[in-house]
2 protein chains.
Amino acid sequence: MHIDAVDQRIIASLVADARASYAEIGGRVSLSAPAVKRRVDRLRAAGVIKGFTAVVDPAAVGWTTEAFIELFCTGRTTPAQISAATRRHPEVVGAYTVSGEADAIVHLRAADIAHLEQTLERLRAEPFVTSTRSMIVLSRLLESPTVVAAPS
Amino acid sequence: MHIDAVDQRIIASLVADARASYAEIGGRVSLSAPAVKRRVDRLRAAGVIKGFTAVVDPAAVGWTTEAFIELFCTGRTTPAQISAATRRHPEVVGAYTVSGEADAIVHLRAADIAHLEQTLERLRAEPFVTSTRSMIVLSRLLESPTVVAAPS
DNA sequence: GATGAAAGTACCACGCG
DNA sequence: CGCGTGGTACTTTCATC
């Protein structure tokens, strides 16, 4: 699947405002509304655009505490196991296997410290977890929903 | 600002599909389209809903490499300094000050390892950075765009 | 370009303090 | 009685063919 410069600009438009009309996007990229729609449909079908979502302030819905947890796992732990385990916890908003000391890093979001501690305890109870190292988020400096700029 | 159960369901609807029509959301929460629009406008004005965005597959736009970088800073470094510095780099998709050994954690997304290394070098060149520790992401197991479930 | 749907606006009705 | 919230009616804009 090839993504040209116009596709890039359409994607950038939708990332900036997913509720923009096709006509509005078309005006920005010099295309008619139906032409934009066809491209968007194609991008969605190709999996480039996975969907459209609202950006919600976590604090406003009561989730004020955040942490990154480094997971240290037993020798024979597969990414699939970690994935399955983290998926069971709704507090997990991100999970990645990484190189370095730790085997994985988990991004948690909870209502408060007590809730976070409780989630951490549940994570530590997973059989393959040997130890964890917590980094409580003191302040969120930056968080881009997505990035679409072309690679330099 | 008070968010009631209906607001929660509207938010959940929009997180699931930001391009849903007001009538469609209204059908789900038993409200008329204008009533839904009024609530959405109110939620946006209050900053609960920060905006609407497209969820894009980073790999599809050529950004295949990802890392978390722990930053260790000089004694008198303010969060504002870190924020300003990370904001200058488009590869930074998230930045947080944290408790623990490191002072901050930075989430990077780059085209490839070379691009990542180059970005890391630029970050390390910031005057307040004394050292860094990199965790290259081997696989992304999970990444929720947003969370809206009510705190338990 | 034409048609049907959705967004956006205006105005009125109801319930609560 | 004023304020908040919801509904209906209507106009304009957009999606879709």
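Per chain, numbering begins at 1; letters A, B, ... match sequence-line order.
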Colleague: Set out, line by line, the N/O atom pairs under 3.5 Å between protein and nucleotides 4-9 of chain D.
Modeller:
from	atom 1	to	atom 2	distance (Å)
dG6(D)	OP1	R39(B)	NE	3.0
dG6(D)	OP1	R39(B)	NH2	2.5
dG6(D)	N7	R38(B)	NH2	3.0
dG7(D)	OP2	S32(B)	N	2.9
dG7(D)	OP2	S32(B)	OG	2.7
dG7(D)	N7	R38(B)	NH2	3.2
dG7(D)	O6	R38(B)	NH1	3.2

Colleague: Could you tell me which residues satisfy salt bridge (charged side-chain N to carboxylate O under 4.0 Å, His left out) with R88(A), sequence neighbours excluded, listed by chain and number?
Modeller: E126(A)
Colleague: Could you work out, with side-chain contact (heavy atoms from CB on, under 4.5 Å) as the rule, every residue matching D41(A), not counting sequence neighbours?
Modeller: K37(A)
Colleague: Is the phosphate of dG8(C), meaning OP1 or OP2, less than 4.0 Å from a side-chain N or O of Y22(B)?
Modeller: yes
Colleague: Taking the six-membered ring for Trp, are F68(A) and H107(B) closer than 6.0 Å centroid to centroid?
Modeller: no
Colleague: Going by the rule side-chain contact (heavy atoms from CB on, under 4.5 Å), which residues pair with R38(A) if we only count those two or more places apart in sequence or in a different chain?
Modeller: A35(A)
Colleague: Quick one: R44(B) CZ to dA7(C) P, roughly how many Å, whole number?
Modeller: 14 Å
Colleague: Whole angstrom is fine here: how far is it from CZ in F52(B) over to P in dA7(C)?
Modeller: 11 Å
Colleague: Tell me who clusters with F72(A), hydrophobic residues only, linked when side chains sit under 4.5 Å apart either directly or through other members.
Modeller: none
Colleague: Roughly, in whole Å, what's the span from CG in D41(B) to P in dA10(C)?
Modeller: 13 Å
Colleague: Distance check needed: dA15(D) P versus R19(B) CZ, whole Å only.
Modeller: 7 Å
Colleague: Transitive ILVMFWY cluster of L138(A) at side-chain heavy atoms under 4.5 Å: who else is in it?
Modeller: none
Colleague: What is the distance, rounded to the nearest whole Å, between atom NZ of K37(B) and atom P of dT12(D)?
Modeller: 17 Å
